[in-house]
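Sharing a structure here in structure tokens format.
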Amino acid sequence: VKQIILKMLVRFGYVLLRADAWQDMQRRLRAVEVMKSKNESEKMPPPPPTPTPAPAPQLEGELTECRNQLAACASERHLLNVQMGRAQASVNALQRERTRLQGELAASREQLDGADPTGRIQELEAEKRRLQQRLFDLEVYLKETRGRGASYL
Amino acid sequence: VATALEQALERRAAAQAAAEQQPDNPAAWIALSHACQAVSDYEGTVSSARRAVQLQPDNVDALRHLASNLFQVGPGPIEARPLFERLLKLVPRDPVALHYLYYYAMFDGDYRRAAELSETLDQDHPGDPSTAARIARAYGLMGHSVAAAEYFSRAADRCANEHHPFPHGPYASLKPVFTALAGHPDLSEQLSLQLCQDSGIGLANLSNPKYPDDCAASIKRLQERVAGRDVYLFGFGPSLSEVVARKFDLVPLDFASMTLSSFPLIDDDLLRPIGRRIEFVCLTHWSMVSSLAAEIREWMLAVPSSILIVPLVLREYAMRSGGPEFLVGRSDHLFWFDAFNDHLLPSPGDPLHFPPINTVICALAVAVLARSRRIFLFGFDGQMKGKDLEQAESLYYRDGHKAYFAPRRTEIEVRRMNMLWLWWDSMRFNETAPVVLRHTALLFDLPLPPIYNVCIDSALNSFPRITFDRFLEIAASQGTEP
């Protein structure tokens with residue numbers, strides 16, 4: 001029965017192979033495919049040229065330069081910050097001075113409007129007394145400090 | 001602040017729980033000590049660090065933390081000394097040990113060792129102006145004035161660099177101090193002017209975010225209350241007893257009164273008997289504020305013109321510990337200044353920062369801000385009276401009085417330490433005070449008042465020292481030759 005079935009399959013166009021022969025053929029086929037793909041890759045045009053890497057010392061030099069520039073920028077930024085702080089202090093000081101001068105101006109105008117110089121004269125006299133007292137205090141202080149071998153303010 | 005405080009308290013609670021779970025783990029106790037420090041819990045900080053040292057006596061982190069915290073308060077430096085010595089043995093160039101052992105070498109009079117310790121620190125951490133100044137001080141006390149001037153000059157140079165050219169940078173305000181100490185007073189004055197003024201106008205910038213927003217108003221209030229009078233600033237040195245004995249000589253004089261920490265003593269012994277009360281009190285230590293809270297409340301109510309002069313850091317402490325209430329709110333009875341760094345003098349960006357070398361330097365700067373006519377110091381001996389440390393009142397007026405609130409104050413070892421601190425503070429005061437006051441005057445466009453020290457043999461020699469009789473002559477003179 002086995003022989004009859006095999007003959008019928010051959011008659012219908014089938015090729016009969018033993019299992020080990022089939023496995024051997026598959027192995028050969030894979031080897032051919034590998035060889036073929038290898039040949040194809042060899043035939044492919046070469047990839048575009050990659051830029052030649054710079055020698056390491058040159059890269060390091062550039063890196064150092066960048067770092068230096070960064071440090072200089074940071075330093076400059078820091079300096080600008082502290083200068084801005086001082087400029088802000090100057091602005092505040094000038095604003096205080098402006099307020100003081102505006103106050104003096106307003107007081108002077110009031111006195112002029114009233115055409116009564118008495119107030120201003122009293123102010124100036126008080127200022128004169130204050131300055132005389134200051135002068136006197138400093139003279140006493142200087143006498144006290146003179147010749148003591150110590151430097152005082 | 002409340003959120004930050006809550007977080008800090010939570011961290012302390014967590015650290016406490018961790019330490020209780022692992023009572024034999026020194027790291028847990030060190031962590032707890034740090035957490036306590038963050039909420040200003042001094043007792044907790046020290047006791048936790050001490051537990052860590054007990055568990056592991058050679059644990060350098062624990063030693064460092066315990067010793068440096070002990071050093072800050074009262075008699076702590078006595079206990080701290082052997083800990084620093086052990087730390088230096090374990091870590092021969094430990095910067096913390098080198099820093100603190102310098103003080104002990106100076107206190108011992110071993111200036112050679114003091115210089116060597118700071119020179120080692122300078123080799124490992126170069127460029128710090130204060131280290132150069134420490135070396136200069138040690139050489140100066142050895143009698144090597146040329147070396148001292150050279151190191152002060154080096155300290156001045158270090159106050160500026162390419163990143164912080166003068167007058168910018170964190171150490172700029174110190175440069176005039178070191179320049180003067182190096183022997184160049186004229187250059188020092190030029191530097192102070194360059195730092196503090198621009199075109200003859202003071203650069204005080206009160207918009208510093210740390211400052212209360214009513215800063216300018218509080219300076220004005222201070223000036224109104226002093227009203228151009230003399231300010232008498234009372235300290236607690238032995239010579240105060242002469243002033244107390246002659247208190248009735250003060251009756252006819254026109255003055256505003258100011259004092260420091262233990263103010264009830266001045267009120268009770270000196271001013272109340274002549275019908276006056278103290279008007280201005282300057283306190284810099286949290287322990288004094290908390291100890292005197294009841295007396296401060298009474299004083300503020302009883303004296304309408306009273307002003308408590310306190311550093312901003314005490315407000316932070318008050319907020320952290322929930323009081324006292326008079327430090328938390330806004331008040332016409334408060335004047336805030338800044339004082340957290342010994343090496344920071346008044347400068348444009350922080351014009352109300354006075355170096356907390358001692359409280360008197362801060363009080364004096366405020367007296368200058370108050371636009372006083374003259375300032376007279378009383379009871380500022382700046383040193384021990386006589387040679388016998390066991391003699392009563394050799395260090396302080398009525399030194400056993402409870403108003404001083406200092407633990408173990410009468411023990412001889414503690415008295416010796418207080419005497420040494422007095423010596424050290426006087427030296428630092430003499431170096432720094434003239435420039436602090438000059439900067440204050442320049443920054444705020446104020447005249448610098450004449451300042452007299454009414455203690456003829458005081459160790460504070462930055463101002464002329466006069467007798468009480470001479471003081472009476474000067475004080476009574478009003479525009480005619482005394």
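Just so you know, these numbers use all the heavy atoms, side chains as well, and skip hydrogens, waters and symmetry mates. Naming convention: chains lettered A, B, ... in sequence-line order (proteins, then strands); numbering from 1 in each chain. This structure is a prediction, so every number in the text was calculated from the model and none was measured.
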| message | Could you check whether any side-chain N or O of A/Arg86 sits under 3.5 Å from a backbone N or O of B/Leu195, counting only pairs where one atom can act as donor and the other as acceptor? | response |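 Checked: pair present.
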| message | Would you compute the distance between atom CG of B/Leu203 and atom CD of A/Gln88 and round it to the nearest 0.5 angstrom? | response | 11.5 Å
| field | Interatomic distance, B/Ser207 atom OG to A/Gln95 atom CD [nearest 0.5 angstrom] | value | 9.5 Å
| Interface moiety of B/His168 toward chain A, non-hydrogen atoms closer than 4.5 Å |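 Side chain only.
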| Contact origin within A/Arg96 toward chain B - heavy atom pairs under 4.5 Å | side chain
| request: Determine the minimum heavy-atom distance between A/Asp137 and B/Tyr452, stating which atoms define it. | output: O-OH, 4.2 Å
| message | If you compare all heavy atoms of B/Pro348 against all heavy atoms of A/Ala89, which two are closest, and at what distance to 0.1 Å? | response |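 Minimum heavy-atom separation between B/Pro348 and A/Ala89: CB-CB, 4.1 Å.
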| message | Please classify the contact between B/Pro351 and chain A as side chain, backbone, both or neither, with a heavy-atom cut-off of under 4.5 Å. | response | neither
| request: Under 4.5 Å, counting heavy-atom pairs only, tell me which of B/Gln197, B/Glu189, B/Glu162, B/Arg374 racks up the most with chain A. | output: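 Ranked by contacts with chain A, first place is B/Arg374.
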| Who are the side chain to side chain contact (heavy atoms under 4.5 Å, CB included) partners of A/Glu97, not counting sequence neighbours? | A/Arg100, A/Leu101, B/Ile201
| Shortest non-hydrogen contact between A/Arg134 and B/Pro449, atoms and distance | NH1-CA, 3.8 Å
| message | Quick check on B/Lys220: does its NZ atom have over 12 non-hydrogen neighbours (other residues, nucleotides or ligands) under 6.0 Å away? | response | no
| query | Picking from A/Leu135, A/Leu94, A/Asn92, which has the most non-hydrogen pairs under 4.5 angstrom with chain B? | reply |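 Highest number of pairs under 4.5 Å: A/Asn92.
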